[in-house]
Amino acid sequence: MSAVDDKSKTGDETSAPSIAAPNFVNEIIEEDLRAGRRGGQVHTRFPPEPNGYLHIGHAKSICLNFGAATKFGGLCNLRFDDTNPTTEDPEYVASIQNDVRWLGFDWQDRLFYASDYFDKLYAYAEQLIESDKAYVDSQTQEQIAAERGDFYRPGQDSPFRNRPSAESLALFRRMRAGEFDDGAHVLRAKIDMRSGNLNLRDPVLYRIKRAHHYRSGDTWCIYPMYDYAHCISDALEGITHSVCTLEFEDHRPLYDWCLDQLPVPCHPQQIEFARLNLSYTVLSKRKLLQLVDDKLVDGWDDPRMPTLAGLRRRGYTPEAIRAFCERIGVSKRDGVVDVSLLEYILREDLNARAARVMAVLRPLRVVIENFPEGAIEWFDAQNHPEHPEQGSRKVPFSRVLYIEQDDFREEPPKKWFRLTRGAEVRLRYACLIRCNDIVKDPQTGEVTELRCTWDPQSRGGTASDGRKVKGTLHWVSAAHARDAEVRLYDRLFSQENPNDGDDFRRFINPASLSVLRECKVEPHLGTSQPGDLFQFERLGYFCADASEHQASKLIFNRTIELRDSWAKIDGKP
RNA sequence: UCGGGGAUCGUCCAACGGCAGGACUCCAGAUUCUGGCUCUGGAUAUCUAGGUUCGAAUCCUAGUCCCCGAACCA
């Protein structure tokens with residue numbers, strides 16, 4: 001895991017999240033404020049369970065919750081919903097805090113854990129029993145399940161449902177004291193076994209689970225269930241608007257029921273929105289975990305992962321992710337956002353900020369025959385043509401250069417602007433060259449070298465006689481170039497909806513990563529630091545790998561290609 | 001067959017009884033020392049059927065389709 005180290009900010013840019021765009025959640029909050037409800041306060045929370053890394057779907061929720069708080073002058077808490085010790089891990093707790101901070105949000109001193117409320121939750125549970133709103137059921141899990149009925153048949157009351165509350169209380173205390181085996185008893189709410197909403201058919205509130213909790217250790221052997229713990233945690237923190245995803249919609253009556261039975265400080269309003277789905281991507285914790293466990297990717301921060309850690313290592317900026325979350329909006333319709341929107345916003349952000357450099361990924365040797373051996377010309381190259389204030393740098397030019405193999409074709413197709421025998425092109429920021437001859441490997445017939453001449457009158461890139469060339473190529477001087485490894489990342493899945501079939505893993509794109517080990521980059525890149533972002537001119541946006549890049553071994557990740565309209569033309573018949 | 005939710009360009013989001021709009025994608029063109037960026041133009045939508053109304057994406061009625069729900073997961 002790479003530390004939070006945001007190299008992506010340029011000096012004059014602020015990382016302050018922009019004000020949340022209007023959406024139906026904000027409209028509800030605004031209306032509450034207008035009507036003077038909830039004491040005129042806005043207090044939200046982001047409540048992850050620490051059982052996996054955060055992904056871009058969580059970013060939507062984070063932006064919504066923190067964004068609403070910011071927009072209305074309120075607060076947003078970070079709370080770990082850690083009520084299931086068997087799946088949770090401190091590694092996740094650390095990564096989640098790291099990622100939320102990196103995204104640009106601040107919970108200040110309001111970092112909470114549901115596990116810190118275990119005492120209070122337990123005391124409330126005793127109250128529930130005393131007021132005959134909950135009872136201890138001593139049936140097996142199977143019996144309870146069978147009794148619950150199904151969608152079409154009502155449930156049946158448990159034989160223990162009318163157990164005297166004193167008896168339930170005594171049993172519950174013994175559950176807590178560790179006198180029973182796992183599963184021997186559960187605490188259930190006494191609601192309505194015939195409800196059409198299965199969540200109200202006497203849901204389990206507490207279960208016995210002898211598992212070591214990463215925070216509370218072995219203090220507890222009973223743990224509260226989500227429906228019971230979440231609403232009370234919200235109330236204890238004074239949450240006004242409890243925003244969650246659509247699948248909790250029919251849990252809302254239970255959320256409200258619990259709070260109605262107890263003398264909690266307040267009764268937050270649960271509001272549900274549609275979770276993010278992205279084309280060519282999986283966003284379920286289960287599947288992401290499987291990718292990691294099965295080593296189909298290189299960990300949670302593999303640059304192909306939609307995790308915030310993966311996106312960060314890939315070269316995404318927090319600003320781009322936030323802009324994306326704003327742009328997709330918030331609604332109750334479940335849909336699939338086209339990943340090309342994410343890519344568009346990424347390019348938009350990177351185009352504005354990334355310094356331009358030249359790098360040759362698949363080198364083809366070029367000899368400038370009329371350029372003296374050992375001589376060097378230094379040309380001035382702009383760091384960012386759209387931001388001249390970012391200055392320029394000197395790039396060395398000499399007799400032997402490298403250009404991209406893709407930029408030469410012996411038999412050029414129509415509309416070919418690049419190099420071919422007899423053609424003239426510009427080397428970016430340098431000069432015009434013409435290709436006179438080609439050298440081939442006598443065995444393979446592969447083109448191994450281009451023999452060219454330069455026009456000394458075109459120094460800087462424009463011909464003295466005003467003649468135009470259509471093609472401009474990037475290049476590096478062979479003698480001055482640094483070697484680099486470049487990792488070309490592409491979409492992890494080749495199927496638009498990888499969740500479609502029986503096994504999402506068969507849609508993994510076999511070309512999602514290809515490693516190029518013989519790349520040549522301009523000397524300037526020798527001083528680049530892990531995390532630095534660049535545009536390799538004419539190729540795409542790249543970042544120095546956050547964990548493996550070093551001065552002695554340059555490693556760049558391709559964040560995203562530049563749009564390539566030539567590929568379209570070239571691809572046509 | 002039960003409960004909850006949702007249906008607007010290919011995709012996402014707007015329009016809150018008064019000209020269906022924006023963004024992405026796609027197509028065409030201009031510009032360009034990045035076949036990038038930028039700019040211009042174009043294509044494409046109100047689930048269906050009735051009703052209310054001067055006027056309906058919006059209100060009413062009846063359908064249709066899609067999503068979620070039967071963990072001692074969250």
Side-chain angles (χ1 to χ4, degrees), chain A residues 21-23 27 47-49 51 81-84 86-88 137 140-141 144-146 148-155 182-188 195-201 203-209 222-223 225-227 229-230 244-253 272 274 276 279 285-286 327-345 347-348 351-352 356 358 381-382 385-386 415-418 425-430 432 460-462 468-474 535-541 561-570:
Chain A
N23 61 57
E27 278 172 19
E49 184 190 14
N51 66 348
D81 220 337
D82 53 356
T83 57
N84 184 0
T86 55
T87 58
E88 295 154 8
D137 195 335
T140 64
Q141 190 167 349
I144 290 174
R148 185 153 27 230
D150 58 29
F151 293 152
Y152 317 112
R153 283 190 316 249
D182 288 14
H185 307 276
V186 289
L187 182 70
R188 289 230 259 170
S195 172
N197 182 346
L198 294 258
N199 295 120
L200 297 182
R201 317 245 263 228
V204 171
L205 265 25
Y206 266 91
R207 75 284 209 185
I208 304 172
K209 194 186 268 255
I222 59 171
Y223 292 94
M225 300 289 291
Y226 163 84
D227 286 300
H230 195 86
C244 63
T245 43
L246 251 27
E247 69 270 24
F248 292 103
E249 217 152 10
D250 51 14
H251 290 239
R252 187 173 358 116
E272 310 85 9
L276 172 68
S279 61
K285 278 192 183 178
R286 199 202 98 235
R327 217 86 78 85
I328 56 176
V330 180
S331 76
K332 297 194 71 152
R333 278 194 254 180
D334 49 3
V336 184
V337 175
D338 196 330
V339 74
S340 63
L341 176 61
L342 211 212
E343 294 172 343
Y344 172 85
I345 291 172
R347 288 192 183 100
E348 185 176 62
N351 176 54
R356 267 99 244 236
M358 291 196 286
Q382 287 180 271
E386 290 166 35
K415 296 192 185 170
W416 180 257
F417 300 162
R418 283 119 96 147
V425 298
R426 172 167 37 241
L427 294 182
R428 178 133 208 183
Y429 295 125
L432 269 29
T462 34
K468 305 279 187 202
V469 295
K470 280 197 209 154
T472 298
L473 310 186
H474 58 278
Q535 185 196 96
F536 288 1
E537 293 221 30
R538 301 209 308 135
L539 296 174
Y541 298 96
E561 295 155 283
L562 251 27
R563 274 239 295 265
D564 185 0
S565 56
W566 164 248
K568 269 180 209 164
I569 300 168
D570 194 36

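Letters A, B, ... are given to chains in the order of the sequence lines, protein chains preceding strands, and every chain is numbered from 1. If you're wondering where the values come from, they're calculated on a predicted model, not measured in any experiment. Values reported hereafter were calculated over all heavy atoms of this structure, with side chains retained and with hydrogens, waters and symmetry mates removed.
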Peer 1: Could you measure between the two P atoms, the one in B:C2 and the one in B:G22, and give it in whole Å?
Peer 2: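 Those two atoms are separated by 43 Å.
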Peer 1: Write down the distance separating the C1' atoms in B:C73 and B:C65, rounded off to the nearest Å.
Peer 2: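 Those two atoms are separated by 31 Å.
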Peer 1: With respect to the phosphate group of B:A71, does any side-chain polar atom (N or O) of A:Arg207 fall under 4.0 Å of OP1 or OP2?
Peer 2: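 Checking A:Arg207 against B:A71: no side-chain N or O falls below 4.0 Å of OP1 or OP2.
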Peer 1: Does a side-chain N or O from A:Arg327 land closer than 4.0 Å to OP1 or OP2 of B:C12, or not?
Peer 2: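 No, no such contact exists.
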Peer 1: Nearest-Å distance, CD1 (A:Ile328) to C1' (B:A14)?
Peer 2: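 About 15 Å, once rounded to whole Å.
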Peer 1: Need one value for A:Val469: base, sugar-phosphate or nothing, where a base atom within 4.0 Å counts as base even if backbone is also close, heavy atoms only.
Peer 2: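 Touches nothing.
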Peer 1: A:Asp564 has a side chain; which of B:U34, B:G35, B:A23 sits nearest to it?
Peer 2: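 Nucleotide nearest to A:Asp564's side chain: B:G35.
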Peer 1: According to a 3.5 Å limit on both distances, what stems of 3 or more consecutive Watson-Crick or G-U pairs are formed with RNA chain B?
Peer 2: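 Counting only runs of 3 or more consecutive pairs, the stems involving RNA chain B are B:2-7 with B:64-69, B:10-13 with B:21-24, B:26-30 with B:38-42, B:47-51 with B:59-63.
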Peer 1: Is it the case that A:Ser340 and A:Asp338 place a side-chain donor and acceptor less than 3.5 Å from each other?
Peer 2: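 Distance-only check passes for A:Ser340 and A:Asp338.
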Peer 1: Of all the choices, B:A70, B:A74, B:G36, which nucleotide is nearest to the side chain of A:Ser565 once you look at every atom?
Peer 2: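 Minimum distance to the A:Ser565 side chain belongs to B:G36.
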Peer 1: Sticking with atom P, work out how far B:C9 lies from B:A57, rounded to a whole angstrom.
Peer 2: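 Comparing P positions in B:C9 and B:A57 gives a spacing of 14 Å.
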Peer 1: Side-chain N or O of A:Lys285 versus OP1/OP2 of B:C73: is the shortest distance under 4.0 Å?
Peer 2: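 It does not, given that no N or O in the side chain of A:Lys285 lies less than 4.0 Å from OP1 or OP2 of B:C73.
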Peer 1: May I ask you to verify whether the side chain of A:Glu27 and the base of B:C16 hold a donor-acceptor pair under 3.5 Å?
Peer 2: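 Result: at least one qualifying N/O pair found.
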Peer 1: Within 90° of 0 counts as syn, otherwise anti: where does B:A71 fall?
Peer 2: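 Judged by the O4'-C1' to base torsion, B:A71 sits in syn, the angle falling within 90° of 0.
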Peer 1: How would you label the contact of A:Gly183 with the nucleic acid (heavy atoms, under 4.0 Å): base, sugar-phosphate, or nothing?
Peer 2: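 Touches a base.
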Peer 1: Among B:G35, B:A70, B:C73, which nucleotide has an atom closest to any side-chain atom of A:Trp416?
Peer 2: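 Looking only at side-chain atoms, A:Trp416 lies closest to B:G35.
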Peer 1: So what does A:Tyr223 hit on the nucleic acid, given a heavy-atom distance under 4.0 Å: a base, only sugar-phosphate, or nothing?
Peer 2: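 Counting heavy atoms under 4.0 Å across all strands, no contact is made by A:Tyr223.
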Peer 1: Could you please name the option among B:U34, B:C72, B:C37 that lies closest to any side-chain atom of A:Met225?
Peer 2: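 The listed nucleotide nearest to A:Met225's side chain is B:C72.
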Peer 1: Whole-Å distance between B:C39 P and A:Glu386 CD?
Peer 2: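 Checked: the CD to P distance equals 11 Å.
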Peer 1: If we take the P atom in both B:U11 and B:A45, what is their distance in whole Å?
Peer 2: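 Pairwise P distance, B:U11 against B:A45, rounds to 12 Å.
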Peer 1: Please determine, for the side chain of A:Arg538, which listed nucleotide (B:C73, B:U34, B:A70) has the closest atom?
Peer 2: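 Nearest nucleotide to the side chain: B:U34.
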Peer 1: Which is true for A:Phe417 with a 4.0 Å heavy-atom rule: it touches a base, it touches only sugar-phosphate, or it touches nothing?
Peer 2: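 Result for A:Phe417 = base.
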Peer 1: A:Lys209 vs A:Asp182, test: salt bridge (charged side-chain N to carboxylate O under 4.0 Å, His left out). Steps then yes/no.
Peer 2: CA-CA 5 Å; A:Lys209 194 186 268 255; A:Asp182 288 14; over 6 Å; no
Peer 1: One thing to verify: whether A:Glu348 and A:Arg327 come together as a salt bridge, which I'm taking to mean a side-chain N less than 4.0 angstrom from a carboxylate O.
Peer 2: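 Result for this pair is yes, salt bridge flagged.
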Peer 1: With RNA chain B as reference, determine whether A:Ser340 or A:Lys470 sits nearer its 5' end, using the nearest nucleotide of each.
Peer 2: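 So the residue in question is A:Ser340.
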Peer 1: Tell me whether the ring of A:Phe151 lies stacked over the B:G69 base, given a 5.5 Å limit on centroids and a 30° limit on the plane angle.
Peer 2: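 Yes, the aromatic ring of A:Phe151 stacks with the base.
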Peer 1: Taking the C1' atom of each, how far is B:G63 from B:C26, in whole Å?
Peer 2: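 Going atom to atom, C1' in each nucleotide, I get 35 Å.
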Peer 1: Rounded to the nearest angstrom, tell me the gap between atom CZ in A:Arg356 and atom C1' in B:C37.
Peer 2: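 For the pair A:Arg356 CZ and B:C37 C1', the rounded distance is 8 Å.
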Peer 1: Tell me what A:Glu49 touches on the nucleic acid: a base, only sugar-phosphate, or nothing, going by heavy atoms under 4.0 Å.
Peer 2: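 Answer is sugar-phosphate: A:Glu49 comes under 4.0 Å of backbone atoms only.
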Peer 1: Provide the distance between the two P atoms, one in B:C39 and one in B:C60, to the nearest whole Å.
Peer 2: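 After rounding to an integer number of Å, I get 43 Å for this pair.
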Peer 1: When the nearest nucleotide of RNA chain B is assigned to A:Asp250 and to A:Ile208 on a heavy-atom basis, which residue is associated with the more 5' position?
Peer 2: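 Comparing both residues, the 5'-ward one is A:Asp250.
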Peer 1: What pairs of nitrogen or oxygen atoms, one from the protein and one from nucleotides 5-10 of chain B, lie under 3.5 Å apart?
Peer 2:
unit_1: B:G5; atom_1: O2'; unit_2: A:Glu249; atom_2: OE1; d: 3.4
unit_1: B:U8; atom_1: OP2; unit_2: A:Arg333; atom_2: NH1; d: 2.1
unit_1: B:U8; atom_1: O4; unit_2: A:Arg333; atom_2: NH2; d: 2.7

Peer 1: With centres under 5.5 Å and planes under 30°, do A:Trp566 and B:G35 count as stacked?
Peer 2: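 A stacking contact exists, since A:Trp566 sits close and nearly parallel to the base ring of B:G35.
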Peer 1: If you check every side-chain atom of A:Leu198, which of B:C68, B:A23, B:G69 has the closest atom?
Peer 2: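 Nearest to the side chain of A:Leu198 among the choices is B:G69.
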Peer 1: Hey, does A:Glu272 reach any base, or is it just sugar-phosphate, or nothing, if we go heavy atoms under 4.0 Å?
Peer 2: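 No contact at all - A:Glu272 keeps every heavy atom at 4.0 Å or more from the nucleic acid.
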Peer 1: What distance, rounded to whole Å, do you find between the two C1' atoms, one in B:U53 and one in B:C59?
Peer 2: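 Going atom to atom, C1' in each nucleotide, I get 10 Å.
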Peer 1: Any stacking of A:Tyr152 on B:U1, going by centres under 5.5 angstrom and planes within less than 30 degrees?
Peer 2: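 Answer is yes, a stack.
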Peer 1: Taking the C1' atom of each, how far is B:A62 from B:U52, in whole Å?
Peer 2: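 Straight-line distance between the two C1' atoms is 15 Å.
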Peer 1: Considering only B:U1, B:U25, B:C72, which nucleotide approaches the side chain of A:Val204 most closely?
Peer 2: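 Nearest to the side-chain atoms of A:Val204, counting from C-beta on, is B:C72.
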Peer 1: Indicate whether OP1 or OP2 belonging to B:U32 is found under 4.0 Å from a side-chain N or O atom of A:Arg428.
Peer 2: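 False: A:Arg428 side-chain N/O out of range (4.0 Å or more) of B:U32 OP1/OP2.
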Peer 1: Can a salt bridge be assigned to the pair A:Glu561 and A:Arg347 using a cut-off of 4.0 Å between side-chain N and carboxylate O?
Peer 2: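 Answer for the salt bridge query: no.
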Peer 1: Regarding A:His230, tell me which of base, sugar-phosphate or nothing describes its non-hydrogen contacts under 4.0 Å with the strands shown.
Peer 2: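 Result for A:His230 = nothing.
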